[in-house]
Amino acid sequence: MLYLRTALDNTRVDAMNRKICILGLGYVGLPTASMFATHGYDVVGVDVNEDIVKNMEKGNIPIKEPGLETLVLAALKSNRLKVQAKPEKADVFIICVPTPINEATKEPDLSYVKSATESILPYLEKGNLVVLESTVPPLTTQNIVIPILKKSDLKVGEEISVAYCPERVLPGKILTEFVKNDRIIGGLDKKSAQMAKELYGSFVEGNLHLTEITCAEMVKLMENTFRDVNIALANEFMKISERIGIDVWEAIILANKHPRVDIHRPGPGVGGHCIAVDPWFIINTDVEDTNLIKSARKTNDEMPGYVAGIVENELKDIEKPVVTVFGVAYKGNFRDTRQSPAKEVISILLDIGFEVRAYDPLVEDFPYELMPLDKALDGSDCILILANHRLFNNLDTKTIFSLMRNKKIIDTMNSLSSNWIENGFSVRKLGNG
Ligand code: SAJ
């Protein structure tokens with residue numbers, strides 16, 4: 001909306017908002033709360049999970065992310081950040097709660113957004129700004145959040161300002177990207193957008209781009225859907241390359257030498273809580289016009305099965321094959337296993353009757369047993385790389401060679417150095433026919 005882009009700098013905001021109440025202390029809420037608390041705001045972090053609150057009070061930070069513990073502890077120590085199970089009065093309320101999808105129906109579950117919005121009603125006052133940060137289907141702020149806010153005695157728009165301000169941070173680089181990335185701010189009106197701009201401008205060094213609320217909701221979904229579709233394209237190119245006998249990794253590097261081409265990387269599937277989920281928010285909004293997006297989701301969802309098929313084929317001549325999975329996180333150099341493709345690949349291989357062992361020194365919590373390296377490799381026939389942790393290239397290949405029964409490697413990430421082949425391993429790369 002043009003008015004937002006042209007008139008904003010002249011809009012006056014009545015008072016500087018100094019106290020923020022943040023609903024949800026997860027991957028986004030906790031860093032956001034700490035960021036504001038270390039940039040001059042008094043922040044009340046609220047989480048309905050009392051264990052999170054109790055642990056945080058003792059200084060146990062529930063989320064592992066580079067630099068986060070130091071930031072949170074500094075915020076708590078400065079007394080600018082406090083955590084509790086219930087909201088309280090503030091100038092700004094920021095909602096950062098999860099928006100999962102129902103795995104069976106792929107329908108969004110907005111119950112946390114609804115309950116968080118309901119929970120602030122008793123504390124709302126004239127002049128407040130309410131910001132939604134959670135990733136949501138388009139029109140959620142307009143059709144769900146604002147009607148709930150209207151249940152207060154205050155006039156939304158006149159007495160309460162509302163904005164939708166999605167995060168864009170990459171897990172593993174959250175704190176840097178919070179500060180450096182440009183950010184989209186969707187305002188209900190000029191005043192709302194300006195208030196949100198001033199708020200985020202306290203720590204964001206990137207540009208703050210203003211628009212209206214539903215556009216901002218859609219922008220967030222478009223970003224992750226672009227990536228999902230692009231990865232599906234890379235996975236399709238990978239399959240074709242296997243069939244025609246070329247190396248897809250080389251082909252992608254060469255295609256990306258074109259100044260307007262940016263093909264992503266193939267892999268064992270799309271994990272995490274965002275890229276594999278957010279396209280469904282668009283699909284559910286318009287089932288008829290989303291054939292490409294649906295097809296991309298299907299292609300990426302089928303990748304664990306495709307990888308399991310390669311393993312089966314490569315080990316078909318081995319009796320009672322033993323596979324050692326390297327890397328169970330949802331991506332390389334990262335400890336998070338949410339929606340990790342490794343879970344599905346392992347489950348399929350176990351169903352086929354393989355013995356599967358898993359090794360990932362970065363990960364602490366995984367549904368299958370994680371073994372020390374020597375135990376995971378003792379008598380194994382094949383290393384299957386599913387997450388490209390840098391540390392795998394620092395391992396002692398000679399010792400590994402001596403531990404294994406067969407010296408096969410299936411590398412789905414094109415991540416191994418030539419050292420492995422030089423030391424006698426037979427390496428089968430995904431996408432190298
Ligand atoms: N993947 C590929 N090929 C690629 C890139 C990724 O197969 O070329 C796979 C990864 O291995 C992983 C999955 O995709 O399994 C997702 O990883 P990611 O690094 O692409 O993304 P996330 O989920 O960690 O974070 C994304 C980011 N979105 C974009 O880059 C557009 C991040 O900026 C968002 O803030 C985040 O989603 C979010 O919270 O929405």
Side-chain angles (χ1 to χ4, degrees), residues 24 26-32 63-66 96-101 133-137 165-184 204 206 216-239 248-249 252-253 255-256 261-282 296-297 299-304 306-307 327-345 360 363 385-389 411-415 430-431:
Y27 279 81
V28 174
L30 185 56
T32 305
I63 288 158
K64 303 286 177 231
E65 174 67 29
C96 300
V97 293
T99 47
I101 49 169
E133 271 208 32
S134 311
T135 306
V136 289
C165 305
E167 55 75 27
R168 294 175 137 175
V169 288
L170 193 71
K173 287 190 190 165
I174 287 183
L175 296 187
T176 320
E177 294 212 349
F178 252 135
V179 176
K180 299 284 175 200
N181 288 0
D182 282 15
R183 205 161 172 137
I184 307 299
V204 174
E217 291 171 339
M218 187 63 185
V219 168
K220 169 69 196 179
L221 301 176
M222 283 162 62
E223 292 165 2
N224 282 348
T225 302
F226 163 81
R227 200 156 165 82
D228 197 40
V229 172
N230 197 327
I231 295 167
L233 181 65
N235 281 328
E236 223 164 83
F237 287 155
M238 177 278 295
K239 289 182 191 167
V248 74
W249 305 93
I252 289 175
I253 288 171
N256 286 350
V261 174
D262 173 26
I263 303 166
H264 287 12
R265 295 164 57 92
V270 172
H273 249 218
C274 308
I275 307 258
V277 173
D278 297 359
W280 287 109
F281 291 175
I282 300 185
R297 275 283 72 246
T299 301
N300 290 337
D301 276 350
E302 285 172 357
M303 282 312 300
Y306 185 86
V307 167
V328 299
Y330 85 76
K331 61 183 180 179
N333 308 310
F334 203 50
R335 62 175 74 206
D336 193 331
T337 63
R338 287 176 299 166
Q339 250 77 23
S340 146
K343 284 180 200 162
E344 210 181 324
V345 176
D360 193 325
V363 170
I385 298 178
L386 296 178
N388 52 344
H389 297 330
D411 182 3
T412 67
M413 306 295 290
N414 188 30
S415 60
L430 182 73

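What you see is a predicted model, and the numbers here were worked out from it, not measured in a lab. Both counts, for ligands and for their atoms, begin at 1 and track the order of listing.
Numbered from 1 in the order shown, with element, the atoms of ligand 1 that lie under 4.0 Å from a heavy atom of Arg168 read 32 (C), 33 (O), 35 (O). Every atom of ligand 1 is numbered from 1 in the order shown, and the set under 4.0 Å from a heavy atom of Glu223 is 31 (C). Of all the atoms in ligand 1, the ones that sit under 4.0 Å from a non-hydrogen atom of His264 are 8 (O). With ligand atoms numbered from 1 in the order given, ligand 1 contributes 15 (O) to contacts under 4.0 Å with heavy atoms of Gly269. For ligand 1, the atoms closer than 4.0 angstrom to any heavy atom of Val270 are 13 (C), 14 (O), 15 (O). Less than 4.0 angstrom separates some heavy atom of Pro171 from each of these atoms of ligand 1: 24 (O), 25 (O).
Ligand 1 has no nitrogen or oxygen under 3.5 angstrom from a nitrogen or oxygen of His273. For ligand 1, the polar-atom distance check finds an N/O of Arg265 within less than 3.5 Å of one of the ligand's N/O atoms. Not a single N or O atom of Thr135, backbone or side chain, sits closer than 3.5 Å to an N or O atom of ligand 1.
For the pair Cys274 and ligand 1, a heavy-atom separation below 4.0 Å is found. At least one heavy atom of Leu170 lies less than 4.0 angstrom from ligand 1. By the 4.0 Å heavy-atom criterion, Lys220 is counted among the residues contacting ligand 1.
Between the side chains of Asn235 and Asn300, at least one donor N or O sits under 3.5 Å from an acceptor N or O.
Closest to atom 24 (O) of ligand 1, if we only count protein heavy atoms, is Tyr330 OH, 2.5 Å. Taking atom 21 (O) of ligand 1 as the reference point, the nearest protein heavy-atom neighbour is Ile275 CG1, 3.7 Å. Nearest protein heavy-atom contact of atom 19 (O) of ligand 1 is Lys331 NZ, 2.9 Å. Protein heavy atom in closest approach to atom 16 (C) of ligand 1: Gly271 O, 3.5 Å. Among protein heavy atoms, the minimum distance from atom 28 (N) of ligand 1 is reached at Asn224 OD1, 2.8 Å.
Aromatic pair His264/Phe237: centroids not less than 6.0 angstrom apart.
Of the possible polar contacts, none joining the Asp228 side chain to the Ala296 backbone as a donor-acceptor pair under 3.5 Å is found. Proximity of a side-chain donor or acceptor of Thr99 to a complementary backbone N or O of Val136 within less than 3.5 Å is not detected.
In this structure, Glu167 pairs ionically with Lys220, as a charged nitrogen and a carboxylate oxygen lie closer than 4.0 Å.
The environment of NZ in Lys64 is crowded: more than 12 heavy-atom neighbours from other residues, nucleotides or ligands sit within 6.0 Å.
Residue Arg183 is tested with Glu223, Glu177, Glu133 for a salt bridge (charged side-chain N to carboxylate O under 4.0 Å, His left out); the sole match is Glu133.
With a 4.0 Å cut-off on non-hydrogen atoms, Val169 touches ligand 1 through its backbone and not its side chain. In Arg227, the part holding a heavy atom less than 4.0 Å from any atom of ligand 1 is the side chain.
Side-chain contact between Lys331 and Met413 is absent, with no heavy atoms from C-beta onward closer than 4.5 Å.
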Given side-chain contact (heavy atoms from CB on, under 4.5 Å), test Arg335 with His389 step by step and report yes or no.
CA-CA 10 Å; Arg335 62 175 74 206; His389 297 330; over 6 Å; no
